Each structure stands twice: as C-alpha cells, then as structure tokens.
*Asks:* 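Got a structure here, written out as structure tokens. Questions coming.
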Protein chains: 2
Amino acid sequence: MALPRAAKTQRRTRIQEEKEELILEAALEVFATNGFRGSTIDQIADVAGMSKPNLLYYFRTKEAMHRALIERVLDSWLDPLREFDAEGNPVTEIRGYIRRKLEMARDFPRESRLFANEVLQGAPRIEDALMGPLKSLVDEKATVIRAWAKAGKIAKCDPYHLIFAIWATTQHYADFDVQVRAVLGPDRAGEGRFEDAARFLEMLFVNGLGVGVPSTGTSGG
Amino acid sequence: MALPRAAKTQRRTRIQEEKEELILEAALEVFATNGFRGSTIDQIADVAGMSKPNLLYYFRTKEAMHRALIERVLDSWLDPLREFDAEGNPVTEIRGYIRRKLEMARDFPRESRLFANEVLQGAPRIEDALMGPLKSLVDEKATVIRAWAKAGKIAKCDPYHLIFAIWATTQHYADFDVQVRAVLGPDRAGEGRFEDAARFLEMLFVNGLGVGVPSTGTSGG
DNA sequence: TGATAATTTAACCGGTTGGTAAACATTACA
DNA sequence: TGTAATGTTTACCAACCGGTTAAATTATCA
C-alpha cells in the first residue's frame, strides 16, 4: 500500500487540507535548512506541532513529503522564466526577469534553498524535472535569446550561460544569505541589500549585453 | 580528553600523516555531496578504506574531521581573491579573478560544494570565518574596486555586489553542476562548458563594468 | 444522540549512527 | 631480536531514526 491512511478516507476533509498544508510548510522549513538526509521526520513533526505518527498519517514517508514539496515548488520556481516574452523588448525582458528572480530570492528564500540543497547533493530526487520540463523551458527561451543576438538587439553571447548567470547571481541572495550578510556587515546588510543588488545586476547585465536602455518609448505592444 | 589517540603519541609518524590525509580526502568527498548532517562516519571510513574505529583513532569526532577540512580548504578558497592586485589594470584583474575562480570550480568542485553546503545550511560551523577573515579580505578588495570606480577606470558600482556576482557565477559551475549538465544536454555538456562559461562571463563583466579591453599590449608585469 | 468515519496517541520495532573499550597486531628502534 | 610505542580490529553501547500497530479519541452527520 503506497497511500497514507488519510488519502484512503471516503471524502477529503477540512482537517486533511489544513494538516497537509501545515506539514508541507514545516517540511519546507526543515528540508531547506538541512537537506533531505539531514532532516528528520521528528524535526518536521516538531515544527508542525504534531506527533510523528500523526504526521505519518498524512504522508506515509519522508520521501513522500519531499516529493509533494518539490512538485509544488517547481512550478512557481519556473514561473519567472515562463513570463520571459519573445515578443517583448530584450532589455525590458531581461531586466524584468532579473527583478522577478530577485524578488523570489527575497520573498521565498526557503524554496530557493530547497532546490539548492537538492541540486548541490546531486539532484537524486529531481533529476527528471531537471532534464525534462526545466531543460525544455530553457531550450525554448535560449532560442529566443539567440534570435535577439542574431538580430543585433543584444550582444552575441551563449544564451544558456546568460541564463545560468542570471540564476546564479539572483539565487545567490537566497542560498548564500548568511555569507552575504556576514560580508556586508550589520550596517549594510539591512533589507536594502536587495535593492542594491537589483541596481547592480541590472547595470551589469544591461551594459554587459552591449545594449543601452531603449532610447525612446518603444513600449511593447 | 579532546584529542584523538593518534595526537597523543610521542612523535608524529609517517602513518599518521598518510592516514590523516587519506581521511580528509574521503571526508571531502562525502561531506561535499551529503552535507554535514547527511554524512556518516561509516561512509567516510568506507571511502577511506578503513574501519570506523580506526578512523576515529585519527579524528575523535565527525565534527573534528569537518573542522580540519574547513580550515584547510578556506585558505585555498580565498587565494584567488588575495591575488587580486590593487596596482594592476582593473580589467586585467577582474578577468584574472574570474578565470581563477572558474578554474577552481572546474578543478576543485568538491571544495566549492563543501562550502556551499555549509553556507546554505546556515554556516553554523564557519560563521566566525565568514565574519572574520573573509569579511576583512572582501572589505580590503572592495576599497580597491571603489577607488577604481572613482577614478573612472570602471563603471560606478557597488563593489560588494560585484564580488558576489563573480562568486555566484563562477561557483555555480561547481555547485550546480548537475543542473548545468542537465540543461546543456549530453551534447553541449562536455568539458568545453567551462571555456564557454569563461568566454561569456568575461564578456559580461568587462562590458558590464563599462570598460573596453585594454587597447594595446599592456601585458601584465 | 448515537453510530460511524476520521484523527490522534502510546507503545513499540529493527536498523543505523556516533562513539567507546579493550584485546590484538604491527612497527620502529635499541 | 626483544620490547615498547603505535596502529588496527572485534565487540559493543546508548541514542536516534524511519516507520508500524493497535487502541483511544474526536468529529460528522443521519
């Protein structure tokens, strides 16, 4: 039997919704800071404020919790890239993408760390997602970027490494938050650091791709 | 008693040198791919090809192994930044720094992942190093960069976020290697990816900082 | 309200984990 | 070669870990 007992009830109850939500929230917290192997069911149960067997009534295994979490998070994690619009102005699109990714790093650092932990440790549980949906989406957007480069709208560059660079620089502020704050020191590490980062990164990528801000109001149609 | 039995011998033997080296090498492998909590002494002993009690003869605890490893790795991890020369040409220095960091990501990915794991999980065991030696070194180099910007040698920018961006983009190729390879696919993921990355990143940062390549042969002294 | 479905808890289990004690084996050196 | 110092193994332990069972409790609704 692969299903938890809660999934075998005749109807789906309010309590099930609430508790599963509560558990996934706790699991996110724990997995994000300890990785899969480093996390224990007891820890998650503790954060969720319930007993271990009670938790296991809703998710049969630790794996099941992790799987549910990854599935839910993967979609929202890919959203910023999906919004990347082939029809839009290259500079506007790239700036927008950087901004959205940076906002995610600020507002959902645990989600970012969940992935980082997983990928860092060899992505044993999300390999399929990486080679499937993720790769497809990136391939699609890479084609767009390459077309922009060919049309002379941005500098000629490898679109994949451009995307990697945007991922790396933005997620850095979630994944390496402790280091960032340690280096900036107590004074400079306030919430303003995300605005400073945004300013710097927009400059870096806009100048770096060899295109100025769109000269006049070519507001996208 | 805080010392392992091997440290209490009258003289330091050849076997001690060899075995400790062997253990740290194995510990690097295991810690880098599993994080601290996710790693077991048995795993490390297994990789090192010795029994657990034998290993514990040289390092009394898992913590001790990790500590020894971090201390050793921290220095070499900071080396590329130390080489950053205030007297040099800004573009040359920044390109050189990118190149050295990228080489480290290629040649010592486990060292990079060891740190990434640690920082990602809140840096409980290296907080002091981050706020001490690391911060000091970065502060020092940030001053240099700021001076360059003030002198108009590079674009005005926040030197800290510039350094973060270089760290993020280069270490990405070690820490997120699985993802990079998954996205590039089997064809494009050969060892050439590091050269592609170098080409892209040099362009990004050199153009991004608003300075062209030094016009003529100012080959560094 | 009572019966039934849904939820929670207490008690437990086998395997793993970090670490120890002490017997045993090997090395170095007089 | 003998012997003391060094190194390795066997056997072990208590705590932890993922997960199960069954009984007790609570919610739902006719």
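All heavy atoms count here, side chains included; hydrogens, waters and symmetry mates do not. A quick note: this is a predicted structure, and the numbers were derived from the prediction, not measured. Chain letters run A, B, ... following the sequence lines, proteins first and then strands; every chain starts at 1.
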*Asks:* Side-chain N or O of Q16(B) versus OP1/OP2 of dG7(D): is the shortest distance under 4.0 Å?
*Replies:*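 Indeed, a polar side-chain atom of Q16(B) lies that close.
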*Asks:* Which residue pairs pass the salt bridge (charged side-chain N to carboxylate O under 4.0 Å, His left out) test with at least one member in residues 37-46 of chain A, sequence neighbours excluded?
*Replies:*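 Sorted pair list: D42(A)-K52(A).
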*Asks:* Could you go through nucleotides 28-30 of chain C and list every protein N or O atom that sits under 3.5 Å from one of its N or O atoms, giving the distance for each pair?
*Replies:*
{"unit_1": "dA28(C)", "atom_1": "OP1", "unit_2": "R14(B)", "atom_2": "NH2", "d": "3.2"}

*Asks:* ring-ring contact (aromatic ring centres under 6.0 Å, His included) with F84(B): which residues, sequence neighbours excluded?
*Replies:*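 Y97(B), W148(B).
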*Asks:* Which pairs, protein N/O on one side and nucleotides 16-20 of chain C N/O on the other, fall under 3.5 Å?
*Replies:*
{"unit_1": "dG18(C)", "atom_1": "OP1", "unit_2": "S39(B)", "atom_2": "O", "d": "3.2"}
{"unit_1": "dG18(C)", "atom_1": "OP1", "unit_2": "K62(B)", "atom_2": "NZ", "d": "3.0"}
{"unit_1": "dG18(C)", "atom_1": "OP2", "unit_2": "I41(B)", "atom_2": "N", "d": "2.9"}
{"unit_1": "dG18(C)", "atom_1": "N7", "unit_2": "K52(B)", "atom_2": "NZ", "d": "2.8"}
{"unit_1": "dG19(C)", "atom_1": "OP2", "unit_2": "K62(B)", "atom_2": "N", "d": "3.0"}

*Asks:* Hey, is the side chain of N54(B) poking within less than 4.0 Å of OP1 or OP2 on dG7(D), counting only N and O atoms?
*Replies:*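 Checking N54(B) against dG7(D): no side-chain N or O falls below 4.0 Å of OP1 or OP2.
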*Asks:* Once salt bridge (Lys or Arg N to Asp or Glu O under 4.0 Å) is applied, do any residues pair with E103(B), and if so which ones, sequence neighbours excluded?
*Replies:*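 Once residues adjacent in sequence are excluded, the partners of E103(B) under the salt bridge (Lys or Arg N to Asp or Glu O under 4.0 Å) criterion are R99(B).
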*Asks:* Would you kindly give the CG-to-P distance between N34(A) and dC17(D), to the nearest whole Å?
*Replies:*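 The answer, rounded to whole Å, is 11 Å.
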*Asks:* Provide the full list of salt bridge (charged side-chain N to carboxylate O under 4.0 Å, His left out) pairs with a residue in residues 127-138 of chain A, sequence neighbours left out, each pair given once.
*Replies:*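 Only K135(A)-D139(A) qualify under salt bridge (charged side-chain N to carboxylate O under 4.0 Å, His left out).
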*Asks:* Whole angstrom is fine here: how far is it from CG in D46(A) over to P in dC17(D)?
*Replies:*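 It is 11 Å, rounded to the nearest whole Å.
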*Asks:* What side-chain donor-acceptor pairs closer than 3.5 Å can you find for residues 113-124 of chain B, not counting sequence neighbours?
*Replies:*
{"unit_1": "R113(B)", "atom_1": "NE", "unit_2": "A174(B)", "atom_2": "O", "d": "3.0"}
{"unit_1": "R113(B)", "atom_1": "NH2", "unit_2": "A174(B)", "atom_2": "O", "d": "3.3"}
{"unit_1": "N117(B)", "atom_1": "OD1", "unit_2": "Q121(A)", "atom_2": "NE2", "d": "3.1"}
{"unit_1": "N117(B)", "atom_1": "ND2", "unit_2": "A32(B)", "atom_2": "O", "d": "2.9"}
{"unit_1": "N117(B)", "atom_1": "ND2", "unit_2": "R113(B)", "atom_2": "O", "d": "3.4"}
{"unit_1": "E118(B)", "atom_1": "OE1", "unit_2": "H66(B)", "atom_2": "NE2", "d": "3.4"}
{"unit_1": "E118(B)", "atom_1": "OE2", "unit_2": "R125(B)", "atom_2": "N", "d": "3.2"}
{"unit_1": "E118(B)", "atom_1": "OE2", "unit_2": "R125(B)", "atom_2": "NE", "d": "3.2"}
{"unit_1": "Q121(B)", "atom_1": "NE2", "unit_2": "N117(A)", "atom_2": "OD1", "d": "3.2"}

*Asks:* Decide side chain to side chain contact (heavy atoms under 4.5 Å, CB included) for L24(A) and F59(A); before the verdict, give the C-alpha distance in whole Å, the side-chain angles of both, and the deciding distance to 0.1 Å.
*Replies:* CA-CA 10 Å; L24(A) 288 181; F59(A) 292 91; 3.9 Å; yes
*Asks:* Measuring from atom CG of L162(A) to atom CG of L209(A), what distance do you get when rounded to the nearest 0.5 angstrom?
*Replies:*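 With rounding to 0.5 Å, CG (L162(A)) is 5.5 Å from CG (L209(A)).
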*Asks:* R12(A) CZ to dA27(D) P: how many Å, rounded?
*Replies:*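 Atom-to-atom, R12(A) to dA27(D), this comes out as 19 Å.
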*Asks:* Would one find a side-chain N or O of Y57(A) under 4.0 angstrom from OP1 or OP2 of dT7(C)?
*Replies:*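 For Y57(A), the contact criterion (side-chain N or O under 4.0 Å from OP1 or OP2 of dT7(C)) is met.
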*Asks:* Regarding S51(B), tell me which of base, sugar-phosphate or nothing describes its non-hydrogen contacts under 4.0 Å with the strands shown.
*Replies:*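 Base: the residue S51(B), judged by heavy atoms under 4.0 Å, touches a nucleobase.
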*Asks:* Nearest whole Å is fine: how far is dA6(C) P from E18(A) CD?
*Replies:*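 Rounded to whole Å, this separation is 16 Å.
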*Asks:* Give a yes/no answer on whether the side chain of K19(A) brings an N or O atom under 4.0 Å of OP1 or OP2 in dT8(C).
*Replies:*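 True: K19(A) side-chain N/O within range (under 4.0 Å) of dT8(C) OP1/OP2.
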*Asks:* Quick one: list whatever passes salt bridge (Lys or Arg N to Asp or Glu O under 4.0 Å) with E140(A), sequence neighbours left out.
*Replies:*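 By the salt bridge (Lys or Arg N to Asp or Glu O under 4.0 Å) rule, E140(A) matches no residue at all.
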*Asks:* Looking at residues at least two apart in the chain, or sitting in another chain, which of them share a ring-ring contact (aromatic ring centres under 6.0 Å, His included) with F176(B)?
*Replies:*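 Here the qualifying residues are H172(B).
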